[in-house]
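Each remark here refers to the structure printed beneath this line.
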There are 2 protein chains.
Amino acid sequence: MVLSKACTYGIQAAIYVASRNEDAYVSIQSVAEKLNISFHFLTKVLQQLTQAGLMVSYRVPNGGISLGKPASQITLYSVIAAIDGTDIFTECMLGLPGCGTATPCPAHDHWTEMRSKLFSLCHKTTLAELAEKANQLNLRLANLPLV
Amino acid sequence: MVLSKACTYGIQAAIYVASRNEDAYVSIQSVAEKLNISFHFLTKVLQQLTQAGLMVSYRVPNGGISLGKPASQITLYSVIAAIDGTDIFTECMLGLPGCGTATPCPAHDHWTEMRSKLFSLCHKTTLAELAEKANQLNLRLANLPLV
DNA sequence: GTGATTTCGGACTATTTTGTCTGCAATTTA
DNA sequence: TAAATTGCAGACAAAATAGTCCGAAATCAC
Ligand code: FES
Ligand code: FES
């Protein structure tokens, strides 16, 4: 798996929150139910996003979480980086230490090309775009079984 | 991590065997030492490659393993598929079940583009090419600490 | 045949990731 | 002030991955 489960949950939740187009807080509980994710696990994941400033939380009755800045300013990259770190954007394809032009592995050229494509893709993709897509076509976001 | 450790070990070993340009068998023990990989673990990984027909083994004194077919006919894709499976080439970026145009997630379009690039890259890259690169420029292959 | 070398197969342990649970802190509302 | 709701923090359990170990099977060299 390219992204960890924690990371995919975080992205799903972030898109969902962004797609609501409201400033109001939404409880993690309801997000977890909507996306069919374990509430407690999602809580821990979202804490990483709040710590990174991508979300803000309000610990109060009828509180919850909300985006920390406009959805158009939150990139997919920043969400991934906050949860999984930046390893996938810098690591050697073969897992060798110190990927770089100084000591390249045989796959280095090919891999850096792929990686930079992924890098720019994640940088230019914002929550606003993903949320809009999710809304526009009623795109699937939840981890629900396909009936 | 995009590829599992088992998979990176398998690729490293495959490249190493191919880079020797010999038909002679080489013992897993010596490969493990050369690449600084746990011998027992590498053994299990390579068993997957022999079962997939990518390598042949000769269980005999002075035996070992060798490529099952010409290095030019072994693609990076086939090695990855034999060890990690084909999930990374078909899975949803968000880990949702049933990635496809019928039920796309918001990241689907971007992701399928990336995936197909990775797919064609892995398909067109052969062990012959990687081995040649490894030999040509004395490229790093072993998992050794950078001194 | 006997012994040596080598992969194969399975059992086992360790580490990381994933998921669960419980109590606490913060704040609103009554 | 008291009660209720909510995220936070850390301990804990389960599952997946990574790594270790040992005995068996195959074959060669003698
Ligand atoms: S050194 Fe392997 S991808 Fe850069
Ligand atoms: S459904 Fe998510 S990438 Fe295809």
Side-chain angles (χ1 to χ4, degrees), chain A residues 1-14 17 24-33 35-68 80 82-85 87-88 91 94-95 143, chain B residues 1-14 17 24-33 35-68 80 82-85 87-88 91 94-95 143:
Chain A
M1 187 138 45
V2 178
L3 301 175
S4 71
K5 282 216 167 176
C7 195
T8 64
Y9 293 162
I11 297 172
Q12 289 172 33
V17 172
Y25 291 90
V26 57
S27 73
I28 298 179
Q29 179 75 58
S30 71
V31 176
E33 278 170 13
L35 302 182
N36 204 37
I37 301 173
S38 149
F39 164 60
H40 292 288
F41 194 54
L42 183 59
T43 289
K44 294 216 301 197
V45 172
L46 291 182
Q47 276 172 30
Q48 297 183 273
L49 295 186
T50 60
Q51 277 161 16
L54 303 179
M55 296 218 172
V56 290
S57 68
Y58 197 29
R59 208 188 316 185
V60 86
N62 248 299
I65 56 168
S66 185
L67 295 186
I80 294 174
I83 299 175
D84 270 359
D87 279 359
I88 55 167
E91 255 186 352
L94 270 42
N143 207 346
Chain B
M1 188 142 39
V2 178
L3 301 176
S4 70
K5 283 220 168 170
C7 195
T8 62
Y9 293 161
I11 297 172
Q12 289 172 33
V17 172
Y25 291 90
V26 57
S27 74
I28 299 178
Q29 179 75 59
S30 72
V31 175
E33 280 171 12
L35 301 181
N36 204 36
I37 301 173
S38 149
F39 163 62
H40 291 288
F41 193 54
L42 183 59
T43 289
K44 296 219 300 198
V45 173
L46 291 182
Q47 277 173 29
Q48 297 183 269
L49 295 186
T50 61
Q51 278 161 16
L54 303 179
M55 295 219 173
V56 289
S57 68
Y58 198 28
R59 207 190 313 186
V60 85
N62 247 301
I65 55 167
S66 186
L67 294 185
I80 294 174
I83 299 174
D84 270 359
D87 278 0
I88 54 167
E91 254 185 353
L94 270 42
N143 207 345

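Convention: sequence-line order gives letters A, B, ...; per-chain numbering from 1.
B:Phe39 places a side-chain heavy atom less than 4.5 Å from the side chain of B:Ile28. Taking 4.5 Å as the limit, every side-chain heavy atom of A:Leu46 sits out of range of all side-chain heavy atoms of A:Tyr9. Two residues are said to be in side-chain contact when any heavy atoms from C-beta on lie closer than 4.5 Å; B:Ile65 and B:Val26 meet this criterion.
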Base-contact (B) and sugar-phosphate-only (S) positions in nucleotides 3-12 of chain D, heavy-atom cut-off under 4.0 Å, - elsewhere: -BBBBBB-B-
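When the shell of 6.0 Å around CG of A:Asp87 is examined, it contains more than 12 heavy atoms from other residues, nucleotides or ligands.
The two residues B:Ile37 and B:Gln12 come nearest to each other via the heavy atoms CD1-OE1, 3.8 Å. Taking all atoms of both residues into account, the shortest heavy-atom contact from A:Leu94 to B:Thr8 is O-CB, 3.2 Å.
In this structure, CD1 on A:Ile88 lies 5.0 Å from CG on A:Leu3, to the nearest 0.5 angstrom. Atom CD of A:Gln47 sits about 10.0 Å away from atom CG of A:Leu42, to the nearest 0.5 Å.
Note that the first and last nucleotides of DNA chain C, 5' to 3', having any atom under 4.0 angstrom from a heavy atom of chain A are C:dT18 to C:dT28.
Between B:Tyr25 atom OH and D:dA26 atom C1' there is a gap of 13 Å when expressed in whole angstrom units.
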